[in-house]
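Presented below is the structure to which this report refers.
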Amino acid sequence: MVRPIISPSILAADFANLGCNCKKVVNTGGVEWLHIDVMDGHFVPNISFGSPVISSLRKVFPRDDAKPIVFDCHMMVSEPEQWIADIAKAGGDSYTFHFEATKDPAKVINLIKQHGLKAAMAVKPGTPIEEVYPYADDLDMVLVMTVEPGFGGQKFMPDMMEKVEKLRVKYPNLDVQVDGGLGKDTIEPAAKAGANVIVAGTSVFAAQDPKEVVEILKETVSREIEARASA
Ligand code: DX5
Ligand code: ZN
């Protein structure tokens with residue numbers, strides 16, 4: 001059975017105070033992952049940061065901590081194979097590439113695994129979820145984008161929930177992640193559709209009380225996982 005995982009997106013942090021901002025969010029107690037949005041200005045119309053920032057952040061969250069934080073790297077880049085070695089070296093744990101960014105997803109998945117990373121594939125809002133099926137058995141996670149990738153703070157697209165539901169029904173044990181516009185007001189449909197890994201940028205980093213937001217997100221997902229299991 002899948003479990004609820006909250007992955008705050010560091011894109012919504014104040015980059016001049018990245019380590020402190022992330023500590024504050026992790027210290028809420030309910031966060032095991034950090035979502036790390038790498039953008040190349042080519043696959044998406046925005047540039048964020050790359051592996052030097054990830055290795056600095058890894059020093060703030062060492063692997064030998066009692067509860068090590070998983071670095072969930074969302075690679076919005078045109079040539080996903082090009083950055084796998086760098087991200088592994090910088091301290092990434094999981095590498096999410098976009099289906100739309102490669103002609104050979106199987107090759108990318110293999111390369112990710114060869115570098116000791118978990119492999120995940122993301123689909124943009126316009127990509128049918130059926131494209132993922134041939135690769136699903138080899139993936140640790142599928143990311144269903146609930147906004148067009150490139151920017152934080154956009155509006156959640158509820159019509160993406162059909163894709164989440166299809167994935168959840170077909171692959172009951174797969175981690176299904178949603179990303180974009182998730183927060184207290186939008187978690188309900190995402191959790192009901194079967195998403196168990198929740199990316200939340202603005203709603204967590206800009207919150208007065210991030211602990212409260214993380215708890216609500218996690219509890220909602222937990223409740224829906226249990227409801228599905230007993231249905
Ligand atoms: C968008 C990124 C998201 C983004 C989410 O391209 O992939 O991870 O940071 O931010 P919010 O939660 O603010 O929509
Ligand atoms: Zn993301």
Subject >> Pairs touching residues 25-45 that satisfy salt bridge (Lys or Arg N to Asp or Glu O under 4.0 Å), sequence neighbours left out >> reply: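 Counting only pairs at least two positions apart or across chains, the salt bridge (Lys or Arg N to Asp or Glu O under 4.0 Å) contacts touching residues 25-45 are Arg3-Glu32, Glu32-Lys218.
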What is the minimum heavy-atom distance between [X] and [Y], and which atoms define it?
{"X": "Pro149", "Y": "Met76", "answer": "CB-SD, 3.6 Å"}
{"X": "Val204", "Y": "Val213", "answer": "CG2-CG1, 4.0 Å"}
{"X": "Ala200", "Y": "Leu182", "answer": "CB-O, 3.9 Å"}
{"X": "Gly180", "Y": "Phe156", "answer": "O-CD1, 3.5 Å"}
{"X": "Val2", "Y": "Pro172", "answer": "CG1-O, 3.8 Å"}
{"X": "Ser48", "Y": "Leu11", "answer": "CB-CD1, 4.0 Å"}

If you round to the nearest 0.5 Å, how far is [atom2] of [Y] from [atom1] of [X]?
{"X": "Ser9", "Y": "Ile36", "atom1": "OG", "atom2": "CD1", "value": "9.0 Å"}
{"X": "Lys163", "Y": "Thr146", "atom1": "NZ", "atom2": "OG1", "value": "10.0 Å"}
{"X": "Met161", "Y": "Asp159", "atom1": "CE", "atom2": "CG", "value": "8.5 Å"}
{"X": "Ser94", "Y": "Met75", "atom1": "OG", "atom2": "CE", "value": "11.0 Å"}

**OP:** Under the salt bridge (Lys or Arg N to Asp or Glu O under 4.0 Å) rule, what do Lys192 and Glu165 come out as? Steps first, then yes or no, please.
**Re:** CA-CA 8 Å; Lys192 275 206 157 58; Glu165 178 86 45; over 6 Å; no
Tell me if a side-chain donor or acceptor on [X] pairs with a main-chain N or O of [Y] at a distance below 3.5 Å.
{"X": "Thr28", "Y": "Lys24", "result": "no"}
{"X": "Asp179", "Y": "Val199", "result": "no"}
{"X": "Thr220", "Y": "Glu188", "result": "no"}
{"X": "Thr186", "Y": "Gly181", "result": "yes"}
{"X": "Asp209", "Y": "Glu212", "result": "yes"}
{"X": "Tyr95", "Y": "Ile109", "result": "no"}
{"X": "Ser56", "Y": "Pro52", "result": "yes"}
{"X": "Asn196", "Y": "Val176", "result": "yes"}
{"X": "Arg58", "Y": "Val53", "result": "no"}
{"X": "Arg63", "Y": "Ile69", "result": "no"}

Subject >> Flag if over 12 foreign heavy atoms under 6.0 Å of CD, Glu148 >> reply: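 Check passes, neighbour count above 12.
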With a cut-off of 3.5 Å and sequence neighbours excluded, list every side-chain donor-acceptor pair involving residues 116-139.
from   : atom 1 : to     : atom 2 : distance (Å)
Thr127 : OG1    : Glu100 : OE2    : 2.6
Glu130 : OE2    : Lys166 : NZ     : 2.9

Verify same cluster id: [X], [Y] (apolar side-chain graph, 4.5 Å):
{"X": "Val26", "Y": "Ile198", "value": "yes"}
{"X": "Leu57", "Y": "Trp33", "value": "no"}
{"X": "Ile54", "Y": "Val60", "value": "yes"}
{"X": "Ile112", "Y": "Met141", "value": "no"}
{"X": "Ile187", "Y": "Met160", "value": "yes"}

Are [X] and [Y] packed together at the side-chain level, in the sense that at least one heavy-atom pair is separated by less than 4.5 angstrom?
{"X": "Leu111", "Y": "His115", "result": "yes"}
{"X": "Ser222", "Y": "Pro4", "result": "yes"}
{"X": "Asp65", "Y": "Lys67", "result": "no"}
{"X": "Cys22", "Y": "Leu34", "result": "yes"}
{"X": "Met39", "Y": "Ile47", "result": "no"}
{"X": "Phe43", "Y": "Pro80", "result": "no"}
{"X": "Pro210", "Y": "Phe205", "result": "no"}
{"X": "Ile6", "Y": "Val197", "result": "no"}

Presence of salt bridge, [Y] and [X], under 4.0 angstrom:
{"X": "Glu224", "Y": "Arg228", "value": "no"}
{"X": "Lys113", "Y": "Asp140", "value": "no"}
{"X": "Arg223", "Y": "Glu219", "value": "no"}

**OP:** Output every pair passing ring pair (Phe, Tyr, Trp, His ring centres under 6.0 Å) with a member in residues 46-65, not counting sequence neighbours, ordered by first then second residue.
**Re:** Phe15-Phe49
Original post:
Where do Trp83 and Val77 land on the side-chain contact (heavy atoms from CB on, under 4.5 Å) test, with the steps shown first?
Top reply: CA-CA 9 Å; Trp83 309 108; Val77 299; 3.7 Å; yes
Subject >> Side chains of Thr96 and His74, donor plus acceptor under 3.5 Å >> reply: no
